[in-house]
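First comes the structure, then the notes that go with it.
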Amino acid sequence: MFEAAGLMVFYENMLALNNVSLQCGANKIVGVFGANSAGKSTLMYTLSGIILDIRKKEEMAGGERMTIRGRIVYEGKDIMSDKPSLRARKGIILCPERRRIFPESTVLENLRIGSYLATTAQAAETLDYVLTTFPALKRILKRFGGFLSGGEQQMLAIGRALMAQPKVLLLDEPLLGLSPAIQYLLAKAIKEIRDQRGMSIIVSEQYARPIIPIIDYGYILENGAAVVEGSKQELLDNPDVKSAYFGN
Amino acid sequence: MDIIIYGIINSVSLALMAVGFTLVYGVSRLPNFAHGALYILTGYLTWILMNRAGLNYVFSAIIALGLTGLIGAAMYQLVLIRVRGMPISEIIASYAIGLAILEGLRWGGLKGGTFRLPPFVEGSVTVLGVSVDFQRIFVVILGATLMGALWLFVNNTKLGLALKGMAQDERAALTLGIDSDRMAVTATAIGSMLAGAAAIILLPLGSIAVESGYHVLIMAVAVCIVGGLGSWTGAVLAAFIIGFAQILSVVYFGAHYQAVVALLAIVITLICRPSGLFGRQKELEERV
Ligand SMILES: Nc1ncnc2c1ncn2[C@@H]1O[C@H](COP(=O)(O)OP(=O)(O)OP(=O)(O)O)[C@@H](O)[C@H]1O
Ligand SMILES: [Mg+2]
């Protein structure tokens, strides 16, 4: 069980997350939907601990003052003060917004860098699994990360995150900018990964439509606050949600 | 032929001087201005261990390298960590440490001429009609070996790959459990040891003098700026360009133009191609 309660994040005086609480049970897929600037990435950075690093850098550079409040309980412990590398070690792995593939490394090297936390055996097994799940990567193992298409980048980003042996996988807008066909393929792969490898997955998106079929539970984020939450069916039946997040 | 052979020797020397500086900058965006001081310090420690503690050459060199690595790590852990992300402070702090080491050594009586490391093997050979002493042959062989070993380390070990990831995208590396402070300490320690290794290989050609500490720093900075800050391929290429340019200047204009070449290379690079041959300046601008 992965549980966040009362998350508040201020960038200077701007409230980016307003008292957000969220839960993700074992082997569940949870969706977080919100428009641009709703606070999805801020939430993902807070859950993965990257926000602590962002705050540290702002402090060093004498930039804006950030305030972070709330609790994140994982495996019975509050991990809010754990730095990102420690949270990753505990199995909380973020696949960040806009993928952040290592551009000067090949596809294979991206995956190998991803296996930093894995044992040799785990790395070999996971590499096999990633290439079976995303066969498209097999043909481009030697290509540099900087030369990949958006779809290839996203498969690689998810594959690289899997190499880190996640127990809670955080996906920040994995479908952004991709064609409907690839969106469908990726959504299917995300569900498969959960079914086959057993992990909790929290996925954020602007549009709910391609992701909603695979989620167990979802939250709607507006201006930093979780305004609606519910099971897949409850979200589908909610008229406000329907008009705002199932459009086009 | 002279030009080619001495050009290669000079280029490899420059690459040796610069590689540690590039590594640290590439991984942690930290310009380590104590680089030249660590170079001289390793030479001095080796000398002390040999001449005062009576250890043999190889032992002294290994212990001196280890100590320099520890000093580099301590320098990061105690001082530089507090100013991370503030480039000007990073430069001032590391330069201040460098000054303290170099001027401390000067105050302690380190003067050129008296302190020398012996060449590994005395004598010279004739290579393609040019007479070259053994030490310069060692420079090329050990220099190439060291770069090769570094390449293998960076591309094949978990730690090396983590350093490579951190160098390319810190935030992505963080999400994979790679810790930025730990990588920075590691890079600073390895970078310091590379400065030390360069010293042990190169110092037998001259004497251990405070001035060469400053000289090495200038050369490292020149190579990195021309090659593109943080690019390892760029640094090697730049070492060869500056290395050959220096030898050519000696042949055609006289020895004292050698120092000007490196500075001229910096100026020309900054005017024509500010990000260097393989620069990441654009990315750096994006980060801001
Ligand atoms: N480093 C920062 N400094 C100041 N404000 C920030 C910073 N990062 C995010 N914000 C602000 O916080 C709010 C939430 O941003 P966030 O990136 O979390 O939104 P998002 O839901 O991920 O949007 P998108 O769909 O565009 O990715 C926005 O108004 C944004 O401008
Ligand atoms: Mg976002």
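Each chain gets a letter, A, B and so on, in the order the sequences are listed, and its residues count up from 1.
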* Between B/R171, B/K164, B/R182, which shows the greatest number of heavy-atom pairs under 4.5 Å with chain A? -> B/R171
* Could you tell me which residues satisfy side-chain contact (heavy atoms from CB on, under 4.5 Å) with A/V73, sequence neighbours excluded, listed by chain and number? => A/R71
* Asked: Do you know which of A/M163, A/K57, A/R112 has the most heavy-atom pairs under 4.5 Å to chain B?
  -> A/R112
* Considering only NZ, NE, NH1 and NH2 on the basic side and carboxylate oxygens on the acidic side, decide whether A/R197 and A/E125 come within less than 4.0 Å. => yes
* What residues form a ring pair (Phe, Tyr, Trp, His ring centres under 6.0 Å) with A/Y45, not counting sequence neighbours? -> none
* Examine whether an atom of B/N156 lies under 4.5 Å from a heavy atom of chain A, and if so say whether it belongs to the side chain, the backbone or both; otherwise answer neither. => both
* So which part of A/I50 gets closer than 4.5 Å to some heavy atom of chain B, the side chain, the backbone, both or neither? -> side chain
* Who wins among B/G85, B/S180, B/G165, B/A173 for the most heavy-atom pairs under 4.5 Å with chain A? -> B/G165
* Asked: For A/S105, is it the side chain, the backbone, both or neither that has a heavy atom under 4.5 Å from a heavy atom of chain B?
  -> both
* To do: Under 4.5 Å heavy-atom distance to chain B, tell me which part of A/L86 shows up: side chain, backbone, both or neither.
  => neither
* **Lys/Arg N to Asp/Glu carboxylate O, A/K90 vs A/E75, below 4.0 Å** => no
* To do: Take A/L7 and A/L47 through the test side-chain contact (heavy atoms from CB on, under 4.5 Å) and record every step on the way to the result.
  => CA-CA 9 Å; A/L7 297 182; A/L47 298 178; 4.0 Å; yes
* What part of A/R87 gets closer than 4.5 Å to chain B, counting heavy atoms only: side chain, backbone, both or neither? -> neither
* Going by distance alone, is a donor N or O of one side chain under 3.5 Å from an acceptor N or O of the other, for A/Y11 and A/T42? -> yes
